[in-house]
Amino acid sequence: MLEQIFDNFAVERMLLWIVLLPLAGAVVNGLFGRFADRQMVGLVGVGTIGLSFFLAVVAFLRLLDMQPEGDAEFVPLQYSFYEWFSIHLRGRAVPIDIAFVFDALSGVMTLVVTGIGLLIHIYSLGYMSHDRSFARFFAYLNLFSASMLVLVLAGNLPVMFIGWEGVGLCSYLLIGFWYETPAYAAAGRKAFVVNRIGDFGVLIGMFILVAVAGSFDFASINHSSYSGAFTLAGWEAGTLATVACLFIFLGCTGKSAQIPLYVWLPDAMAGPTPVSALIHAATMVTAGVYLCCRLSPVFVQSPVAMSVVAVVGTLTALVAATIAVAQREMKKILAYSTVSQLGFMFAAVGVGAFAAGFFHVFTHAFFKACLFLGAGSVMHAVGAHGDADIFKLGGLRSILPRTHITFLLSCCAIAGVPMFSGFFSKDEILLGAAQLGVASDAAFLSPSIGWFVFGGLAIAATLTAFYMFRLYFLTFTGEYRSAGASDGHGSEAHGSGEHGYDASPHESPASMTGPLVVLGVGAVCVGWLGLPHLLPFTGAHLPHVWGEWLKPALAHVEFTPAGGDPLTAVNIAFIAGVSAMAVGIGLAYSMYANKSSDPIASGAPASLYSFLQDKWRVDELYAAVVLRPVKGLARICAWIDQTFVDVLLTKVTSGLVTLSSFILTRAQTGVMHAYGFVMALGVAGLMLWFWSPHPDVMPVVKGQNVEFTAGRGLGYEYRWDLNADGTFEVPSGEHASSTFGSKTFGSETSASHRYTPDDFRGFILVAAAILGEDIEIPLSEHAVVLDPEVLGPDWQVSGDAALPPAVRVEGNEVVIRPNSAAVYARGKLVSEKEVRLPAGSRLRIGQVPMRIAPVVQATLEVRNAFGNVARETVDVTIDVAAPAGARAEVVR
Amino acid sequence: MTDSLFHQPALAEVLLTVLLGVPLVTAFAVLFMPRQWPAAIRRLSVSALVINFVLSLWLLGGDYTGAEFQFLEKVSWIESLGISYKVGVDGISLWLVLLTTLLTPIALYASWTSIQTKVKEYALAFLLLEVGMIGAFVSLDLFLFYIFWELMLVPMYLIIGVWGGKDRVYAAVKFFIYTMAGSLLMLVAILYVATTYKTLAGQYSFDLEQLHRVVLPFEVQLWLFAAFALAFAIKVPMFPFHTWLPDAHVQAPTGGSVILAAVLLKLGIYGFIRFAIPLFPLATQYVGPSVAALGVIGIIYGAYCAWVQKDVKKLVAYSSVSHMGFVVLGLFAMNTHGVSGSVLQMINHGVSTGALFILVGVIYERLHTRQLDSFGGLAKSMPWYTTVFVIVTMSSVGLPGTNGFVGEFMIMSGAFLSESFIGFGRWGRLLTLFAATGVILAAIYMLHVVLRMFWGPLSKPEHERLPDLTAREHLVLAPLLVLVFWIGLYPNTFLKRTEPAVQTFLSDFNTKWLACRQNDAERLLRPDPAVPAGGPAQPKQGSPSKQGSPSQQGSPSKQGSGTAKPSSAPSRPVAQAGVPGPAADTKGDPR
Amino acid sequence: MTLFWVCAAFAVAGAIGTVTARRPLRAAMSLLVHIIALAGLYLGLHAELLAALQLLVYAGAIVVLFVFVIMLIGPATWVPSSTGGLSLRAMSVAVIGMVASTIAVALGRYEAFFGKSPAHYGTVEGLGGALYREAWVPFELVSITLLVAIVGAVAVARGRTPEEAARARQLRHERAAANAALGDAAGSGGNS
Amino acid sequence: MSIGVGEYLALASVLFGTGAVGFLVRRNLLIQLMSIELMLNAVNVVWVAFNRFYPERHDGQIMAFFVVAIAAAEAAVGLAIVISLYRLRKTVETDKADALRH
C-alpha cells in the first residue's frame with residue numbers, strides 16, 4: 001500500500017498529478033461548489049493549485065538534479081499516461097499518447113503557471129469574496145490552470161491542442177463570467193471565435209507537420225528538422241516549413257493577440273481582474289510564444305516565416321503601444337500594453353532570439369500579473385466594477401500604500417528601468433534584433449528585418465515607458481478626483497460611467513496585497529536570472545544562466561557581426577533601451593505627474609487622438625470587411641437554401657409531377673372506344689413483332705468448332721448454311737419434317753461446324769487492352785495502317801520517322817510491314833521488310849500483344865407460323881489456336 | 001438430425017435475432033394493450049428498450065480483431081432467389097447498433113411527458129423503428145437490408161406526421177418522398193447486381209459476400225454507384241439533398257428528432273461503407289473526391305445556414321448537415337483513420353446532436369417556443385440546464401477532450417493525409433483546408449445560440465422561476481454526457497474495435513479495386529479475391545481511370561480468352577464458361 | 001367433318017349475331033345458338049362431358065341470367081345508336097379484324113390431324129377422374145371463387161338500405177372536412 | 001380433306017375476333033358482357049382442340065372446365081354490376097359510366 005502511494009508520486013507520475021489536481025479541483029467545485037460554503041470552495045481551489053505548484057517545484061528540482069555534466073544530452077522528465085488514439089501514416093500507426101514532457105522550456109513555464117496561478121488564486125479569495133458565483137469562478141480558474149498545464153506539459157501537438165483549446169474555453173467562460181451584462185458575454189464569444197480562427201491554423205499546421213515528420217511528438221518533429229529530414233515529395237523543404245510555420249503562427253496570433261487577430265484581448269478585460277491577470281497577461285496569451293519556442297527548430301527552417309513573425313510582432317508592439325497611449329481605463333491600458341509586450345516577444349522569436357523572447361514571457365508574467373492585480377486592488381478599493389477610468393482616480397499613493405509600491409515596481413520593470421526584470425529581457429530582445437542588424441551574412445534572415453525590428457521596438461519601448469508612467473502618475477499622484485462624488489454604495493451597479501467612484505477608498509485585504517508583494521518582488525528580481533552575457537562598453541562576460549538553461553530546448557541562431565565585434569550590437573541595444581526608458585518616463589513625468597487632465601487629448605490633433613482612442617478603428621474595419629460580409633454570406637446561403645435549393649428539388653419536382661399527371665390524365669377520357677382502340681393498337685404492335693421471325697444467332701467458339709444456337713419462337717423452323725456457300729446443310733433430307741408441309745426446314749435450333757482454312761472469309765487483328773474491351777481491326781487486301789493510339793507510346797524502334805505498321809491480307813495469310821514499329825513475331829523482333837503470318841499467329845507490337853484471328857461466315861434461315869422467312873448471316877471470329885471454349889465475337 | 005433437433009442455441013448465437021425480436025415482441029404486446037393505460041404502455045416499452053440495450057452490450061464480447069463478422073446468423077429465406085436472413089456485426093456496425101439501442105429508449109423516455117396523445121401508437125412506432133434500424137445495421141443480405149431500410153421509414157413518417165408540429169404533414173410527406181425516391185433507385189441497383197450475379201454464377205443471390213465478387217464494367221459501376229449514392233446521400237443528408245432535414249426536424253417531436261439525427265442519418269453513411277463503396281470500387285475511386293467535395297460544401301454551407309436561423313431546432317438541423325459533411329469527407333479519404341474517424345464521428349454526432357435535440361425539447365416543453373429571440377439569460381434560472389447545454393455545445397464545436405474533437409481530428413487528418421490513388425491525394429489538402437473553416441463556423445453559430453439563450457439579462461421576468469432539469473431529464477442526458485467525455489478522453493474503447501473492421505474494409509476495397517482496374521469485364525471474382533489463381537502479376541502504372549491507354553500491358557487472361565466478348569448479347573452465361581480467371585494482383589500495391 | 005363445318009358455321013353466325021344485334025334479347029338468343037354450336041363442336045372433339053357442361057352452364061345458367069337481367073331492366077337495356085367515336089370504333093374493328101383474320105389464315109394452314117383417342121377420353125369418368133385426381137386443388141379454388149363471386153354479386157346488386165345510405169353520407173362529409181384541413185396544412189407548409 | 005387442329009384454330013381466331021370487336025364497338029354493357037363470353041368460348045375451343053391432338057391426358061379439357069366455371073362467376077358479378085349501374089344511371093350505356101374520367 002505504502003509503496004503504491006510512493007509509486008504514484010514517482011517523479012514522472014508527478015507530471016500527471018500536476019495536471020490532474022487542478023482538474024479535480026475544477027470538477028469538485030463545479031459539481032458540488034454550489035452546495036458548499038465559501039471557505040471549503042476556496043480551500044479546494046487554492047489547495048489544488050498549491051499542491052500542483054509544490055509538485056512542480058519538486059519536479060523542477062528533480063530536473064535540475066538529473067542533468068548530466070558537460071555537453072551530454074539533456075534529459076527531460078517524461079510521462080505517458082495512455083494512448084489517446086492513433087492515426088495511420090504510410091502504413092504505420094502514429095500513436096497519439098496523453099504524454100507529458102517536463103524539460104527546460106516546459107519546466108519554467110509550469111512553474112510560472114502554477115506559481116503565479118497560486119498567487120492569483122489566493123488573490124481571488126479576497127477579490128471575489130462578495131461574488132454570487134464564487135464556486136463557479138474557482139471551478140473555472142482551476143480548469144484553466146489544468147488546461148494551461150496540459151498545454152505546457154504536452155509532449156505532442158494534439159495533447160497540446162487539448163490545453164490550447166481548453167484555455168480558450170476557460171477564457172471564454174471567464175470573460176463572460178458576469179454573463180448578465182450582454183457586452184461581457186459578447187466579448188467572451190468574440191475571444192472564442194477569434195481564437196478558433198487561430199486554432200484552424202494550428203490544426204492545419206499540425207497536419208503538415210505530421211505529414212512531414214511522421215509523428216506528432218515535439219521531439220520527433222524537432223528532430224526531423226534538425227536532421228534535415230523536413231521534406232516531403234513534391235515540396236521544397238523551405239516552402240514546406242514556411243507553410244507549416246505560417247499556419248502555426250496564425251494560431252499563435254490568435255492565442256497571443258497579434259495582428260491581425262489581437263482584437264479580442266482588449267475586450268477580454270470584461271472578465272474579473274484576476275482572470276485578466278492570470279489568463280490575459282501572465283499565462284494563456286503567452287502560449288503562442290511558447291509554441292513558437294517549442295517548434296523553434298521548424299521555424300528556423302523558414303526565413304520567410306521568421307521574417308513574417310518578426311514583422312508582425314514589431315507592428316503589433318508599435319500599434320498596441322500607440323493605442324495604449326490614448327486609453328483612459330486602467331485595464332484597457334494594461335491590455336494594450338500586454339498586446340504590445342507580446343509583440344516584443346514575437347519580434348524576438350522572429351529574429352531568432354528565442355531565449356530572449358521566452359525570457360520576456362517569464363519576466364512579463366511577473367510584472368504584468370502584478371500590474372493587473374494592482375489595478376484590481378485599486379478597483380476593489382474604489383469600488384469600480386469592470387474597469388476604472390484613471391482620470392477619476394489619482395492620489396492613491398497614500399491611501400493604498402502596498403498597492404502603490406508594488407505597482408510602481410512593476411511599472412519600472414515594464415518600462416525597462418535598469419536592474420528591474422523588464423530591463424534585462426527587453427534588452428535581450430533589442431540585442432537580438434541588433435545582432436541581426438549588424439550581421440554580415442544575409443544568408444538566413446535579411447539584416448534589414450533586424451533594423452526594422454530594432455527601430456520599431458525602440459519606439460515601442462519608449463511608448464511603453466510613457467504610457468505606463470502616464471497610468472502610474474494619473475492613478476497614484478495628485479488628488480483623488482472622485483472624493484465626495486459618489487455615495488459609495490452599490491458599486492456593482494454602476495461602472496465607470498458618469499459617476500465617480502467610492503469617495504473613501506480603503507486598502508485591500510491581505511489575501512490581495514500578499515500576492516501583490518510577492519509579484520512585486522518577482523518583478524524586480526526575476527530578471528537577474530537572465531543577466532546579459534556581455535556587458536555593454538566593458539565587454540565583460542557574465543554567466544548567462546537563462547540562455548544556457550534553455551539551450552537544449554530551443555533552436556539556436558548565430559549571427560556573425562559585420563565588424564567582427566560582438567560588442568557593437570550590445571552597445572547599440574543598451575543605449576536604445578535605456579534612452580527609450582528615460583525619454584518615456586521623462587515625458588510622462590512632465591505631462592502627468594500630479595496633473596489631472598490629459599495634455600495629449602488637448603495637445604495632439606483631435607482626429608489623431610480620437611483615432612488612437614478608438615483603437616485605430618480596427619474593430620470597425622473588421623466588422624465592415626470581415627464580419628458583415630461573412631454574415632451576409634450566411635444570410636445569402638440561408639436564402640438560397642430556402643428559395644433555390646429547396647425550390648429546385650422540392651417545388652420544381654412536385655410541379656413536374658403535377659404537370660405530367662395533368663397531361664397524362666387527359667388520356668383518361670372515360671370513353672371506352674378510345675381505350676379499346678389503344679388496346680387494339682397494342683395487339684397490332686405485338687402482331688408486327690411476331691409477323692417476321694427473329695433468328696438471334698448466338699455462336700460459341702470452341703477452337704475451330706463453332707456451335708450456333710438460334711432463338712426460339714412461335715412455330716419457328718430453321719435451316720442452316722454453316723459455311724455460307726449457298727447450300728443448306730441442315731436439315732439434311734430425311735430429317736426434314738414440318739407441320740406446314742415443307743420439306744426444306746427442320747426443327748433443330750442449333751448446329752455446329754468445324755471450320756477449315758478454306759472457310760476463312762477474312763482476318764481481324766485483335767489488340768489486347770488493359771481496361772475494357774479488346775480492340776479489333778478488320779483487315780483486307782488493301783493495307784491498313786495501324787492507328788498509333790492503339791499501339792501506345794512504346795511502339796517505335798527509334799524515335800524518329802514514326803510510320804506505324806501496315807497490315808494487309810494476301811491469300812490465306814496476313815502480311816505485316818513493320819515500318820518503324822517494333823513488331824515481335826514468332827518470338828523475335830521482325831527485322832525483315834515484311835512478315836507473313838498465318839491465321840492464329842500471335843505477335844506483339846511495342847507493348848501491345850496482338851493476335852490474328854480468322855473470320856468465318858454462317859447463314860441461317862428461319863420460318864415462322866405465318867410462313868415468313870428471315871435470313872441472318874453472321875461473321876464469327878474464331879480462334880484457331882486457342883483452347884476450347886473461348887468466346888466469339890459476332891461481326892455483323 | 002437429432003443433434004440439430006435438440007440443440008439449444010446459446011444466446012450469443014442468436015443475439016442479433018433476439019435484439020430484433022425484443023422490440024418486435026414488445027410491439028405486439030403493446031398492440032394488444034388497451035389505450036387507456038398510457039403509463040403502463042410507456043413503462044413497458046421503455047423498459048423493453050432498456051433491456052434490449054443491456055442485451056446489446058453483449059455484442060461487445062465479440063472478437064472484433066479479425067475480418068469476420070461476429071454473431072453471424074444465416075437462415076435461408078427465399079431459396080429460389082437466393083435471399084437469406086443473414087445478419088452479423090463487425091466493428092463498424094457494432095457501434096451503430098449500440099447507438100441505436102442506447103438512443104431509442106432515451107428518445108422515448110425524453111418524450112415521457114411531452115407526448116400525451118396516442119401514446120400507444122407512439123410507443124409502437126418507436127419499437128418498430130428500433131427493429132428497422134437495428135435490422136438495417138446488421139443485415140448482410142441486400143434484400144433484407146432493403147426491407148429494414150424501408151421498414152424504418154414508415155414509423156418515422158408517422159412520428160413526424162402524427163405527433164409533429166404545425167406543418168407536420170408537409171414535413172412528413174417531404175421526408176417520405178425524398179427518402180423513397182432515393183431508395184427506389186437503390187432497389188433497381190440492387191436488382192441489377194443480383195441479376196448480374198445470376199447470369200454469372202447461374203443462380204440468384206442477395207448475399208452481400210457473394211455480390212462482392214461481382215466485377216462490373218466501369219460505366220455500369222458509375223450508374224449503380226450513383227443510384228446507391230443518391231439513396232444514401234439523401235439520407236445523410238448531403239448538400240444539395242438536405243432540404244428535407246430542417247423541415248423534418250422542426251416539425252418532428254423531440255423523440256423523433258433525436259432518433260432522426262442520431263441514428264437515421266447514420267444509415268446513409270453506413271450504406272456507403274457497407275454497400276456502395278465495396279460493390280463499386282472503380283466508381284468510388286472516380287467520384288469519391290467529388291462526393292467528398294459535396295461533403296465539404298455541406299460543412300460550410302450547413303454552417304452558414306445554421307448561423308442565421310431563428311429557430312434553435314432548425315439551427316441544430318443545419319448543424320447536422322455540417323457535421324455529416326465531415327463524416328462524408330473522412331469516409332472518402334479512404335484511409336484507416338479517415339474512415340475510423342467517420343465511424344467515430346457518426347457516434348459523436350449521434351450523442352451530441354441527440355443531446356442537443358433533447359435539450360431543445362426540454363426548453364420547448366417549458367416555454368413552448370424555440371425562437372432564439374424569445375430566450376435570453378436562462379443561465380440565471382436554469383444553471384444545470386446551462387451547464388449541460390454548454391458541455392454539449394462544446395462537444396458539437398469539437399473542443400478537445402470532448403468526443404467531437406477526436407472524430408473531427410481523425411477525419412481531417414485522414415483527408416489531409418489521404419493517398420493519391422484511392423483517396424483524393426492533393427485535393428485532400430484543399431478539402432481539409434475548407435473543412436477546417438467549418439470548425440470556426442461551428443464555434444460561431446453554436447456560441448451564437450449559447451449567447452442568445454443563456455447569457456445576458458433575463459428576457460422575460462417570468463423566466464426567473466423556470467424549473468431546472470428534472471430528475472428524469474438528468475437521467476436522460478447523463479449517459480450522453482458520459483459518452484461525450486468517454487469518447488473524448490478514451491476513444492480507444494471504440495477505435496480498437498472499429499479499426500480492424502475498417503482495415504478489412506479498405507484492404508477488401510483495394511483488392512477488388514485492383515481486380516476491377518485490371519479488367520473490368522463483367523465477371524465473378526473467386527470466392528476469396530485475395531488469393532488469385534492464374535495470370536501473372538501485372539504492374540500497375542498510369543492513371544487508374546477507365547480511359548487507360550491501351551499501350552499498357554494487356555492482361556494475359558485476355559490474350560488467352562479467344563476474341564472479345566459478344567457485343568450483341570453481353571451476358572450469356574455460356575459465353576463465360578471457359579474464361580480463365582482474372583489476374584487479381586494483391587502484391588502490386590499502387591502506393 | 002360435316003359436323004365441324006355445320007357447327008362452325010352456326011357458331012360464327014351466332015357470334016356475329018350476338019355482336020351485331022340491336023336488341024339485347026336477340027343478342028342473348030344468338031349467344032344461345034353460338035353456345036349450342038360449340039357444344040356440337042365439343043362432341044366432334046370427343047369432349048362429351050364438356051359439351052354437356054357447356055349446355056348446362058352456358059345455356060342453362062348464363063344465358064338465362066342474361067335474359068333475366070334484360071327482363072328486369074326492361075326497355076332501358078336498349079341503348080340508342082349514336083355516332084360518337086364512330087371513327088375510333090371503325091378503326092378498332094379494322095385493326096382487330098385484320099389481326100384475327102391474319103391469325104386465322106396463318107393457323108388454318110397448320111397441319112396437325114387427330115389420331116385415335118383412348119377409350120375414356122372426354123367421358124365423365126375420364127375428365128372427372130382427371131379433375132378429382134390431378135386438379136383437385138384448382139378445382140376447389142374455383143369453387144371458392146364461385147362462392148365469392150356469388151356473395152359479391154349479391155352485395156353489389158343489393159344496393160343500400162336507407163340507414164346505410166345516411167351513414168355513408170355522413171362519412172363522406174367527415175372525410176371531406178378532414179381532407180380540407182390536411183390540404184390547408186400542406187398548403188401552408190409549402191408556403192412557409 | 002380431314003379436319004385438324006389448324007381448322008379449329010382458325011375458327012377460334014374468328015370467334016375471338018368477333019368477340020373482341022363486339023366488346024370494343026358496342027356501347028351496351030350487356031352485349032359487351034356477352035362478347036366477353038364469346039372470347040372465353042373461343043379460347044375454350046383452342047383448349048379442347050389441342051387436347052384432342054394430345055389425347056393422353058385431359059389437361060386442355062380441365063382448363064376449359066375451369067374457364068366455364070370462371071365465366072359463370074364473371075357473368076354473375078358482371079350482371080350484378082349492370083344492375084348497379086342501372087340503378088345509378090338508369091341506363092346500361094357504358095359511355096355514361098365515366099366517373100373515373102380525368
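Bear in mind that the values here come from a model prediction, so they are computed numbers and not experimental data. In what follows, every chain begins at residue 1, and chains take the letters A, B, ... in the order their sequences are listed.
Looking at B:W244, neither its backbone nor its side chain comes within 4.5 Å of chain A, counting heavy atoms on both sides. Heavy atoms of A:L169 lying under 4.5 Å from chain B belong exclusively to its side chain. Contact of B:M412 with chain A is made through backbone and side chain together, with heavy-atom distances under 4.5 Å. Looking at A:R844, neither its backbone nor its side chain comes within 4.5 Å of chain B, counting heavy atoms on both sides. Contact annotation for B:Y445: neither backbone nor side-chain heavy atoms come within less than 4.5 Å of a heavy atom of chain A. Residue A:L203 touches chain B through its side chain alone, counting heavy-atom pairs closer than 4.5 Å. Neither the backbone nor the side chain of A:Y184 has a heavy atom closer than 4.5 Å to any heavy atom of chain B. A:I208 touches chain B through backbone and side chain together, each having a heavy atom under 4.5 Å away. For a residue to count as touching a neighbouring chain, one of its non-hydrogen atoms must lie under 4.5 Å from one of that chain's; by this rule B:K174 touches chain A with the side chain only. Only the side chain of A:F216 comes within less than 4.5 Å of a heavy atom in chain B; its backbone stays farther off. Interface residue B:Q503: only side-chain heavy atoms are found under 4.5 Å from chain A. Contact of A:I96 with chain B is made through the side chain alone, with heavy-atom distances under 4.5 Å. Interface remark: B:N492 contributes backbone and side-chain atoms alike to the contact with chain A (heavy atom separation under 4.5 Å). Proximity to chain A (any heavy atom under 4.5 Å) is shown, for B:I444, by both the backbone and the side chain. Proximity to chain A involves both the backbone and the side chain of B:L433, based on heavy atoms less than 4.5 angstrom apart. In this structure, no portion of A:T709 lies under 4.5 Å from any heavy atom of chain B. For a residue to count as touching a neighbouring chain, one of its non-hydrogen atoms must lie under 4.5 Å from one of that chain's; by this rule B:T402 does not touch chain A. Looking at A:V630, the atoms closer than 4.5 Å to chain B (heavy atoms on both sides) sit in the backbone and in the side chain alike.
Chain A forms more heavy-atom pairs under 4.5 Å with one residue of B:G341, B:G401, B:P383 than with any other, namely B:P383. Ranked by non-hydrogen atom pairs under 4.5 Å with chain B, the options A:F161, A:Y179, A:W639, A:Y172 are led by A:Y179. Most heavy-atom pairs under 4.5 Å with chain B: of the set A:I197, A:T181, A:V150, A:L648, this distinction falls to A:I197. The greatest number of non-hydrogen atom pairs below 4.5 Å with chain A, out of B:V397, B:I177, B:T432, is found for B:V397. For the set B:Y318, B:F454, B:F494, the entry with the most heavy-atom pairs within less than 4.5 Å of chain A is B:Y318. Counting heavy-atom pairs closer than 4.5 Å to chain A, the top residue among B:T437, B:N335, B:I300 is B:T437. Residue with the most contacts toward chain A among B:L399, B:V450, B:L458, B:L441: B:L399 (heavy-atom pairs, distance under 4.5 Å).
Without hydrogens or angle criteria, B:Q309 side chain to B:C305 main chain gives a donor-acceptor distance under 3.5 Å. Checked by atom type and distance alone, the side chain of B:S418 pairs as donor or acceptor with a backbone atom of B:A333 at under 3.5 Å. Checked by atom type and distance alone, the side chain of A:N195 never pairs as donor or acceptor with a backbone atom of A:G168 at under 3.5 Å. Distance alone, capped at 3.5 Å, places no donor-acceptor pair between the A:T650 side chain and the A:V647 backbone.
In this structure B:F239 satisfies the ring pair (Phe, Tyr, Trp, His ring centres under 6.0 Å) test together with B:H242, B:Y301, sequence neighbours excluded. A:F207 pairs by the ring pair (Phe, Tyr, Trp, His ring centres under 6.0 Å) definition with B:F409, B:F416, not counting sequence neighbours.
In this structure, A:I852 and A:L843 have side chains that are in contact, with non-hydrogen atoms separated by less than 4.5 Å.
Below 30°, between 30° and 60°, or above 60°: for A:H88 and B:H337 the angle between ring planes is below 30°, a parallel geometry.
With values rounded to the nearest 0.5 angstrom, B:L495 atom CG is found 7.0 Å from A:S86 atom OG. Atom CH2 of residue A:W164 and atom CE of residue A:M206 lie 9.5 Å apart, to the nearest 0.5 angstrom. The CZ atom of A:F192 sits 6.0 Å away from atom CD of A:E165, with the distance rounded to the nearest 0.5 Å.
Cation-pi contact between A:R136 and A:F177: present, with separation from the ring centre below 6.0 Å and deviation from the ring axis of at most 45°. Figure legend: cation-pi geometry between A:R132 and A:W178 absent, as NZ or CZ is not positioned both under 6.0 Å from the six-membered ring centre and within 45° of its axis.
With hydrogens and angles left out, the side-chain atoms of B:Y304 and B:S322 include no donor and acceptor closer than 3.5 Å.
Screening A:W84, A:Y82, A:F85 against B:Y490 for a ring-ring contact (aromatic ring centres under 6.0 Å, His included) leaves a single residue, A:Y82.
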